[in-house]
S.K.: 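Quick one: this structure, given as structure tokens, is what I'll be asking you about.
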Amino acid sequence: MSTTEAPTRQLDFIREIVEEDLRTGRHSTVITRFPPEPNGYLHIGHAKSICLNFGIAQEYGGQCNLRFDDTNPTKEEAEYAEAIKRDVAWVGFDWGKNLYHASDYFEQLYRWAEDLIRAGKAYVDSLSAEEIRELRGTLTEPGKESPYRYRSVEENLDLFRRMRGGEFGDGAHVLRAKIDMASPNVNMRDPVLYRIRHETHHRTGDAWCIYPMYDYAHPLSDAIERVTHSLCTLEFEDHRPLYDWLIEHVPVPARPHQYEFARLNLNYTVMSKRKLLRLVEEGHVRGWDDPRIPTIAGLRRRGYTPAAIRSFCDRVGVAKRENVIDVALLEFSIREDLNLHANRVMGVLRPLRVVIENYPEEKSESFDVPNNPEDPDAGTRQVPFSRVIYIESDDFMEEPPKKFFRLAPGREVRLRSAYFITCTSAVKNDAGEIVELRATYDPSTRGGDAADGRKPKATLHWVSARHALDCEVRLYDRLFRSENPEESGDFLADLNPDSLEVVPQAKLEPSVRGAAPFTRFQFERLGYFCVDPDSSAARIVFNRTATLKDTFTRRA
RNA sequence: UGGGGAGUCGCCAAGUGGUAAGGCAUCGGUCUUUGGAGCCGACAUUCGGUGGUUCGAAUCCACCCUCCCCAGCCA
């Protein structure tokens, strides 16, 4: 009997920590959280965090909270929060009843701030923002203490309460932690905990005019929710000492720990909320769900599946080193999924008429065509055929080069699932452009096989002209020309002018009629396409999700 | 020239002192009623560099180099 190797799954460093904590009993259950700020749409980088946080909760039988980090009313909107919930659910995760908001904790957070004041660990500073900045020192020089640093507890309490009461204007005072103005870590130089903002909050309305800073609200919110592993990106590493300081100096009910991992970057695109916002607001793309941007909404509209996004996130890994993932990996993930699950259909993007001269004028017949060769259970459909068909203009060349196996004068090819045809001539217009092909078919090849065993070197997709459905097809290319659009300084200058090409009159086989928005197909030999919500009963609009690899084109 | 991180194949990423996993990309071949998919194969004598410890180092030590982050009353 052979010893079966225990297939020790390769864990990323965070899962290793989680397992260790579970094994040693530091925690008996794992609680994570996904903490978006509702100030923009989620993108593929957030998907990585979602998959990590919810994935860990799932794998270890724990829980993952969806918590909105809504501590800054000037930037946040309910509309964004709704979009975020929709996107998280769509990616495939369920927070159940664990939907929270940092704003739910404002009262508790406030009380703890008073506790800090009473403990002499926080004080009201009345310096201006500029003065605070000046006294903070620099990266190499220590800061200086504020003249207000040693106010009495009573005065601090009084001032802080009056801040809450609305007695002061924005910026008049802030609450600061009393830590160490000489700390080499600037985050520890008496960080601001609360600021005054007379602003209506999308959830608490006008109940508050002081709002906690992220650095204050986050660790305490984690503790309130009994989060065990608080996962964030690398730029917060410097904030961990402050996170820990607060957990230590506030009487919180639990001891969460923060761990940092590298955020996801993708080449040929931009990922920061600020840049995505500019693309949307300045009209460089059609909206937050434009299929060319890496927002979850954009990817969804482009035709990506939640499963593809999840497998992509799995493949990308979790580590601490900066990374730029090749967008080809994202494309691979969607092709892999759609190859198995998308039904095939024939559609011609650039139609070239072909008249099959020996096929009767009035006749038409239909072929039983498999919906998905990768999945026999997908069944078949009827595809009509008649004397005049369209083929892809790229599939014909009057003078074919060496490796071109498709149609050419005198050459025989197979029409997928139909007949073999032989091109007899090309009809040109006055400008010398080919406008139509003449051909003959071999009736004995019905279905696409020849009794004599001859095998054409090419199989073409086609659509019966008489039965074709006119559709709009939107072809997308990368939004930016360079791998790193931000490198040059002005990412907008790097926009690809050809990122969207609209084909207004593509010819599709009639079976796609009535397909609902977001239905995905493979157009044989062309790529994967998804019905866009812009579609109407009169006309379907398709988005190209990804191309199929074309080795002839690639070599050419 | 303060502090915090990181450097393993073109892009990711395992590896935790015993002689460099895997994925994507790429390149061959095979198969094919999608030039798709699939299948088979190739792809780091070497782990930022230099010394050292050791029978043995990507893994330990020392020094050096490079890159990223931090001076919002943003998150």
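Protein chains get the first letters and strands the later ones, always in sequence-line order, with residue 1 at the start of each.
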S.K.: Please work out whether the ring planes of A:Phe68 and A:His101 are parallel, tilted or perpendicular, with thresholds of 30° and 60°.
M.R.: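 Rings of A:Phe68 and A:His101: parallel, under 30°.
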S.K.: Give the rounded distance in Å between these two atoms: CG of A:Leu330 and P of B:rG23.
M.R.: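 Rounded to the whole Å, the gap is 19 Å.
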S.K.: Regarding A:Glu134, tell me which of base, sugar-phosphate or nothing describes its non-hydrogen contacts under 4.0 Å with the strands shown.
M.R.: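 Here A:Glu134 touches no strand at all.
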S.K.: Is A:Arg136 near enough to B:rG72 that one of its side-chain N or O atoms lies under 4.0 angstrom from OP1 or OP2?
M.R.: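 Answer is yes, contact under 4.0 Å.
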S.K.: Between B:rG41 and B:rG22, how far is it from one P atom to the other, in whole Å?
M.R.: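 Comparing P positions in B:rG41 and B:rG22 gives a spacing of 11 Å.
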S.K.: Going by side-chain contact (heavy atoms from CB on, under 4.5 Å), name the residues that satisfy it together with A:Thr459, two or more places apart in sequence or in a different chain.
M.R.: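 Testing A:Thr459 for side-chain contact (heavy atoms from CB on, under 4.5 Å), a comparison that skips the adjacent residues, returns A:Arg414, A:Arg416.
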S.K.: If the condition is side-chain contact (heavy atoms from CB on, under 4.5 Å), which residues does A:Asn72 pass it with, not counting sequence neighbours?
M.R.: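 Result, side-chain contact (heavy atoms from CB on, under 4.5 Å) vs A:Asn72: A:Glu37, A:Thr74, A:Lys75, A:Glu76, A:Arg195, A:Arg197.
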S.K.: On a whole-Å scale, what distance lies between the P atoms belonging to B:rG7 and B:rU16?
M.R.: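 15 Å, rounded to whole Å.
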S.K.: Using OP1 and OP2 only, check whether a side-chain N or O of A:Arg321 sits under 4.0 Å from B:rG7.
M.R.: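 Yes, such a contact exists.
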S.K.: Scan A:Thr138 against the nucleic acid and name what it touches under 4.0 Å (heavy atoms): base, sugar-phosphate only, or nothing.
M.R.: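 Base: the residue A:Thr138, judged by heavy atoms under 4.0 Å, touches a nucleobase.
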S.K.: In residues 264-272 of chain A, which ones come under 4.0 Å of RNA chain B, going by heavy atoms?
M.R.: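 The stretch gives none, as no residue of it lies under 4.0 Å from the strand.
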S.K.: Of the nucleotides B:rG36, B:rC68, B:rG2, which one has an atom closest to the side chain of A:Arg344?
M.R.: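 That would be B:rG36.
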S.K.: Please work out if A:Met213 contacts a base, only the sugar-phosphate, or nothing of the nucleic acid, heavy-atom cut-off 4.0 Å.
M.R.: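 Sugar-phosphate, backbone atoms only, no base.
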S.K.: Quickly work out the A:Arg176 CZ to B:rA71 P distance and round it to whole Å.
M.R.: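 It is 14 Å, rounded to the nearest whole Å.
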S.K.: Using the side-chain heavy atoms of A:Glu237, tell me which of these nucleotides is nearest: B:rA14, B:rG2, B:rG5.
M.R.: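 Closest nucleotide among those given: B:rG5.
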S.K.: Under the salt bridge (Lys or Arg N to Asp or Glu O under 4.0 Å) rule, what do A:Arg67 and A:Asp104 come out as? Steps first, then yes or no, please.
M.R.: CA-CA 10 Å; A:Arg67 180 173 78 231; A:Asp104 293 339; over 6 Å; no
S.K.: Among all residues two or more places apart in sequence or in another chain, which pass the side chain to side chain donor-acceptor pair (under 3.5 Å) test with A:Lys320?
M.R.: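 Per chain and number, A:Lys320 pairs via side chain to side chain donor-acceptor pair (under 3.5 Å) with A:Glu237.
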S.K.: Determine the contact category for A:Val316: base if any of its heavy atoms lies under 4.0 Å from a base atom, sugar-phosphate if only primed atoms, P, OP1 or OP2 are that close, otherwise nothing.
M.R.: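 A:Val316: backbone/sugar contact only, no base atoms under 4.0 Å.
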S.K.: Have a look at A:Ile325 and say if it touches a base, only the backbone sugar-phosphate, or nothing, with a 4.0 Å heavy-atom cut-off.
M.R.: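 Counting heavy atoms under 4.0 Å across all strands, the contact made by A:Ile325 is with sugar-phosphate only.
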S.K.: If we call it a pair only when both distances are under 3.5 Å in a Watson-Crick or G-U wobble match, what pairs with B:rA62?
M.R.: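 B:rU50 - that is the nucleotide pairing with B:rA62, both distances being under 3.5 Å.
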S.K.: Can you check the distance between B:rU19 and B:rG35, where both ends of the measurement are the P atom (answer in whole Å)?
M.R.: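 After rounding to an integer number of Å, I get 46 Å for this pair.
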S.K.: Scan A:Leu329 against the nucleic acid and name what it touches under 4.0 Å (heavy atoms): base, sugar-phosphate only, or nothing.
M.R.: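 Sugar-phosphate, backbone atoms only, no base.
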S.K.: Here's a test of your reading of the structure: between A:Leu526 and A:Asn185, which maps to the more 5' nucleotide of RNA chain B?
M.R.: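 Whichever sits nearer the 5' end wins; that is A:Asn185.
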S.K.: Expressed as a whole number of Å, how far does the C1' atom of B:rC11 sit from that of B:rA75?
M.R.: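 The answer is 29 Å between these two C1' atoms.
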S.K.: Among the candidates B:rU34, B:rG35, B:rC73, find the nucleotide nearest to the side-chain atoms of A:Val174.
M.R.: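 Of the candidates, B:rC73 comes closest.
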S.K.: Relative to the 5' end of RNA chain B, which residue comes earlier, A:Pro184 or A:His239, by the nucleotide with the nearest heavy atom?
M.R.: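 The residue closer to the strand's 5' end, by nearest nucleotide, is A:Pro184.
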S.K.: Looking across every strand, which nucleic acid part, if any, lies under 4.0 Å from A:Arg406 by heavy atom: base, sugar-phosphate, or nothing?
M.R.: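 If one applies the 4.0 Å heavy-atom cut-off, A:Arg406 turns out to touch a base.
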S.K.: According to side chain to side chain donor-acceptor pair (under 3.5 Å), who are the partners of A:Trp245, at least two apart in sequence or on a separate chain?
M.R.: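 Partners of A:Trp245 under the side chain to side chain donor-acceptor pair (under 3.5 Å) test: A:His249.
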S.K.: Considering only atom P, compute the distance from B:rA42 to B:rC55 and round it to an integer number of Å.
M.R.: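 One P to the other, the span is 37 Å.
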S.K.: Please evaluate the base of B:rG35 for a donor-acceptor partner in the side chain of A:Asp550 within a cut-off of under 3.5 Å?
M.R.: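 No.
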S.K.: Please evaluate the base of B:rG4 for a donor-acceptor partner in the side chain of A:Arg240 within a cut-off of under 3.5 Å?
M.R.: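 Result: no qualifying N/O pair found.
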S.K.: Looking at every strand, decide which applies to A:Thr71 at a 4.0 Å heavy-atom threshold: base, sugar-phosphate, or nothing.
M.R.: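 It contacts sugar-phosphate atoms only.
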S.K.: With respect to the side chain of A:Arg197, which nucleotide from B:rG5, B:rC70, B:rC73 is positioned closest?
M.R.: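 The nucleotide sitting nearest to the side chain is B:rC73.
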S.K.: Which is it for A:Arg446 and A:Glu365 under the salt bridge (Lys or Arg N to Asp or Glu O under 4.0 Å) test, yes or no, and what are the steps along the way?
M.R.: CA-CA 11 Å; A:Arg446 189 172 201 284; A:Glu365 62 188 307; 2.6 Å; yes
S.K.: Sorted by first residue and then second, give each ring-ring contact (aromatic ring centres under 6.0 Å, His included) pair with at least one member in residues 311-345 of chain A; sequence neighbours left out.
M.R.: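 Non-adjacent pairs meeting ring-ring contact (aromatic ring centres under 6.0 Å, His included): zero.
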S.K.: Which part of the nucleic acid, if any, lies within contact of A:Lys455, taking any heavy atom under 4.0 Å across all strands shown: a base, the sugar-phosphate backbone alone, or nothing?
M.R.: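 The answer is sugar-phosphate, as A:Lys455 gets under 4.0 Å only of primed atoms, P, OP1 or OP2.
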S.K.: Using atom P in both nucleotides, what's the gap between B:rU26 and B:rC31 to the nearest angstrom?
M.R.: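 Rounded to whole Å, the distance is 22 Å.
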S.K.: Using the C1' atoms only, state how far B:rA58 lies from B:rU45, rounded to an integer number of Å.
M.R.: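 Comparing C1' positions in B:rU45 and B:rA58 gives a spacing of 14 Å.
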S.K.: Distance check, C1' atoms only: B:rA14 and B:rC47, in whole angstrom units.
M.R.: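 Here B:rA14 and B:rC47 have their C1' atoms 13 Å from each other.
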S.K.: Mind checking what makes side-chain contact (heavy atoms from CB on, under 4.5 Å) contact with A:Asn371, not counting sequence neighbours?
M.R.: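 For A:Asn371 the side-chain contact (heavy atoms from CB on, under 4.5 Å) partners, ignoring immediate neighbours, are A:Asn343, A:Ala378, A:Arg381.
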S.K.: Could you check which nucleotide pairs with B:rC67 in any of the strands shown, counting Watson-Crick or G-U wobble with both distances under 3.5 Å?
M.R.: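 Here B:rC67 is engaged in a pair, and the nucleotide opposite it is B:rG5.
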S.K.: Please classify the nucleic acid contact of A:Asn72 as base, sugar-phosphate, or nothing, using heavy-atom distances under 4.0 Å.
M.R.: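 Contact class for A:Asn72: sugar-phosphate only.
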S.K.: Tabulated below should be each protein N or O lying under 3.5 Å from an N or O of nucleotides 37-39 of chain B; please produce it.
M.R.:
residue : atom : partner  : partner atom : Å
B:rA37  : O2'  : A:Asn339 : ND2          : 2.5

S.K.: State which residues pass side-chain contact (heavy atoms from CB on, under 4.5 Å) with A:Ser488; sequence neighbours excluded, sorted by chain then number.
M.R.: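 With sequence neighbours excluded, A:Ser488 shows a side-chain contact (heavy atoms from CB on, under 4.5 Å) to no residue whatsoever.
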S.K.: Just call it for A:Leu127: base, sugar-phosphate, or nothing, with non-hydrogen atoms closer than 4.0 Å on any strand.
M.R.: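 If one applies the 4.0 Å heavy-atom cut-off, A:Leu127 turns out to touch a base.
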S.K.: For residues 124-143 of chain A, which residue pairs qualify under salt bridge (Lys or Arg N to Asp or Glu O under 4.0 Å), counting only residues two or more places apart or in two chains?
M.R.: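 Sorted result for residues 124-143 of chain A: A:Asp125-A:Arg176.
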S.K.: Let me know the distance between CG of A:Asn187 and C1' of B:rC74, rounded to the nearest Å.
M.R.: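 That distance rounds to 13 Å.
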S.K.: Does A:Arg164 have more than 12 heavy atoms from other residues, nucleotides or ligands lying within 6.0 Å of its CZ?
M.R.: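 Yes.
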S.K.: Taking only residues two or more places apart in sequence or in another chain, which ones pass side chain to side chain donor-acceptor pair (under 3.5 Å) with A:Tyr390?
M.R.: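 Not a single residue meets the side chain to side chain donor-acceptor pair (under 3.5 Å) criterion with A:Tyr390.
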S.K.: Would you indicate what A:Phe13 reaches in the nucleic acid, counting non-hydrogen atoms under 4.0 angstrom: base, sugar-phosphate, or nothing?
M.R.: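 Contact class for A:Phe13: none.
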S.K.: Does the plane of the ring in A:His46 sit parallel, tilted or perpendicular to the ring in A:Phe34? Use 30° and 60° as the thresholds.
M.R.: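 Geometry flag for A:Phe34 against A:His46: perpendicular rings.
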S.K.: Would A:Arg344 count as a cation-pi partner of A:Phe523, with NZ or CZ less than 6.0 Å from the six-membered ring centre and within 45° of the ring normal?
M.R.: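 A:Arg344 over A:Phe523 ring: no.
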S.K.: So which nucleotide does B:rG22 pair with, by the Watson-Crick or G-U wobble rule with both distances under 3.5 Å?
M.R.: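 B:rG22 is paired with B:rC12.
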S.K.: Go ahead and name the base partner of B:rG38; Watson-Crick or wobble counts if both distances stay under 3.5 Å, otherwise write none.
M.R.: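 Base-paired to B:rU30.
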S.K.: Roughly, in whole Å, what's the span from OH in A:Tyr214 to P in B:rG72?
M.R.: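 Checked: the OH to P distance equals 17 Å.
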S.K.: All N/O contacts under 3.5 Å from nucleotides 19-22 of chain B to the protein, with atom names and distances to one decimal?
M.R.:
residue : atom : partner : partner atom : Å
B:rA21  : N1   : A:Gln10 : OE1          : 3.2

